[in-house]
Asker: 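One structure, pasted below without further comment.
Numbers restart at 1 for each chain; the letters A, B, ... are given by sequence-line order, proteins then strands. Small disclaimer: the values here were computed from a predicted structure and weren't measured.
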Amino acid sequence: MLGCVLEHETEAGLVAVELTEVEAYTGATDPASHSYRGRTSRNAVMFGPPGHAYVYFTYGMHFCVNVVCMPEGTAEGILFRAGRVIAGELLARERRVRRRLETAAAGQPSARSVLPARDLARGPARLCQALAINRSQNGADMSDPASPLRLRGNESDARVGERPEISVGPRVGVSAGADTNFRFWLAGDPTVSAYRPAKARAGGPASAQARTT
DNA sequence: CGTCGGATAATCT
DNA sequence: GATTATCCGACGA
């Protein structure tokens, strides 16, 4: 998927990103996968045909998008973690800034300067913000060129034909399966998100028992 | 620059 | 009731 283009056409216009960072989730064999414990209403799309979008809501405020990768019944997919905006940067910037203002609305106005271009889709939830991907895109067929949300190759990239250098490492923010190197990114690309380990449970496993109030 | 805590609600146990 | 495939601003170096 690295180097491929994900684009979303809405009434507001088109935004496209070249994927620079992805993660694999291998379902039944992967304790970090949402589909590890079988089918639920949330992950149902993962059990469907490949090429469709599995969009999920997390942390009470963020969306992330995967592409289903295996035949019906096998719930494996690729999470799109980051991309470089190659079309519709103004629209992407609008969406990202608007979200930022909404978040800060209750507090004091932020005196921060302009968002750097590399941060527009740097991270799975930011990528969904920039592309306006939400619950209503869950199940969309991204393999259909006529679909508003679609995947394609990147024929216009000057690097076509070259072999990109791909780095590999553990996935971000997962606790189970943290030792599996299922994260892949274009080496040295500035739009790749920063690695963060899963949030440690306060004080470690021992204090989890102590905290029984 | 790095590290930390709060926000915030669907989902699962 | 706990956890979460995250982001942002604050703070300290």
Asker: Wobble G-U and Watson-Crick pairs count when both distances are under 3.5 Å; given that, what is the 5' to 3' dot-bracket string of DNA chain C, with | for pairing to other strands?
Answerer: ||||.|||||||.
Asker: Using a heavy-atom distance cut-off of less than 4.0 Å, which residues of residues 78-90 of chain A contact DNA chain B?
Answerer: none
Asker: Provide, to the nearest angstrom, the distance between the NE2 atom belonging to A/H34 and the P atom belonging to B/dA10.
Answerer: 15 Å
Asker: Using atom CZ of A/R39 as one end and atom C1' of B/dT11 as the other, report the distance to the nearest whole Å.
Answerer: 17 Å
Asker: With a 4.5 Å cut-off on side-chain heavy atoms, are A/I133 and A/V55 touching?
Answerer: yes
Asker: Side-chain contact test, heavy atoms from C-beta onward, threshold under 4.5 Å: evaluate it for A/E9 versus A/L149 and give yes or no.
Answerer: no
Asker: Would A/Y59 count as stacking on C/dT4 if stacking means ring centres less than 5.5 angstrom apart and planes tilted under 30 degrees?
Answerer: yes
Asker: What residues in residues 169-191 of chain A put a non-hydrogen atom under 4.0 Å from any atom of DNA chain B?
Answerer: none
Asker: Roughly, in whole Å, what's the span from OH in A/Y195 to C1' in C/dT6?
Answerer: 14 Å
Asker: Side chains of A/F80 and A/L151, heavy atoms from C-beta outward: is any pair under 4.5 Å?
Answerer: yes
Asker: Under a 4.0 Å N-O cut-off, is there an ion pair linking A/R122 with A/D189?
Answerer: no
Asker: Would A/R96 and A/Q129 count as having a side-chain donor-acceptor pair, cut-off 3.5 Å?
Answerer: yes
Asker: State whether A/E23 and A/R171 are salt-bridged, where the test is any N-O pair (Lys NZ or Arg NE/NH1/NH2 against Asp/Glu carboxylate O) under 4.0 Å.
Answerer: no
Asker: Using a heavy-atom cut-off of under 4.0 Å over every strand shown, decide if A/S193 touches base, sugar-phosphate, or nothing.
Answerer: nothing
Asker: Is A/Y25 stacked on the base of C/dA5 when the test is centres under 5.5 angstrom and planes under 30 degrees?
Answerer: yes
Asker: Would you say the side chains of A/S143 and A/R152 form a donor-acceptor pair under 3.5 Å?
Answerer: no
Asker: Is there a side-chain contact between A/R93 and A/L120 (heavy atoms, below 4.5 Å)?
Answerer: yes
Asker: Heavy atoms from C-beta onward define the side chain here; which of B/dA7, B/dT11, C/dT4 lies closest to that of A/M61?
Answerer: B/dA7
Asker: A/M46 CE to B/dT11 P: how many Å, rounded?
Answerer: 15 Å
Asker: Taking 4.0 Å as the cut-off, does a side-chain nitrogen or oxygen of A/R196 come that near to OP1 or OP2 on B/dG2?
Answerer: no
Asker: Please examine the side chains of A/E7 and A/L14, heavy atoms only from C-beta on, and report whether any two atoms are closer than 4.5 Å.
Answerer: yes
Asker: Return the nearest nucleotide to the side chain of A/T40; candidates are B/dC12, C/dA5, B/dA10.
Answerer: B/dC12
Asker: So, do A/E21 and A/L186 sit near enough that their side-chain heavy atoms are less than 4.5 Å apart?
Answerer: no
Asker: Take the protein atom CZ of A/F57 and the nucleotide atom C1' of C/dA5, then report the distance between them rounded to whole Å.
Answerer: 14 Å
Asker: A/H62 and A/F57: ring-ring contact (aromatic ring centres under 6.0 Å, His included), yes or no, with the steps?
Answerer: CA-CA 6 Å; A/H62 296 303; A/F57 183 71; 8.2 Å; no
Asker: Do A/Y25 and A/H34 have their ring centres less than 6.0 Å from each other?
Answerer: no
Asker: Is there a side-chain polar atom (N or O) of A/R96 under 4.0 Å from OP1 or OP2 of C/dC8?
Answerer: yes
Asker: Which nucleotide sits closest to the side chain of A/R126: B/dT11, C/dC8, B/dA9?
Answerer: C/dC8
Asker: Within the 4.5 Å heavy-atom criterion, are A/H52 and A/V67 side-chain neighbours or not?
Answerer: no
Asker: Which nucleotide sits closest to the side chain of A/H62: C/dC7, B/dA10, B/dT11?
Answerer: C/dC7
Asker: Nearest whole Å is fine: how far is B/dC1 P from A/D119 CG?
Answerer: 11 Å
Asker: Mind calculating the distance between CD (A/E76) and C1' (C/dA5) to the nearest angstrom?
Answerer: 16 Å
Asker: If you only use heavy atoms from C-beta on, which nucleotide in C/dC8, C/dA5, B/dT11 is closest to the side chain of A/Y54?
Answerer: C/dA5
Asker: Just to be sure I understand the rule, does A/A125 reach a base, reach only the sugar-phosphate, or reach nothing, if contact means heavy atoms closer than 4.0 Å?
Answerer: sugar-phosphate
Asker: How close or far is atom C1' of B/dT13 from atom OH of A/Y36, stated in whole angstroms?
Answerer: 16 Å
Asker: C/dA5 base to A/Y56 side chain: any donor-acceptor pair below 3.5 Å?
Answerer: yes
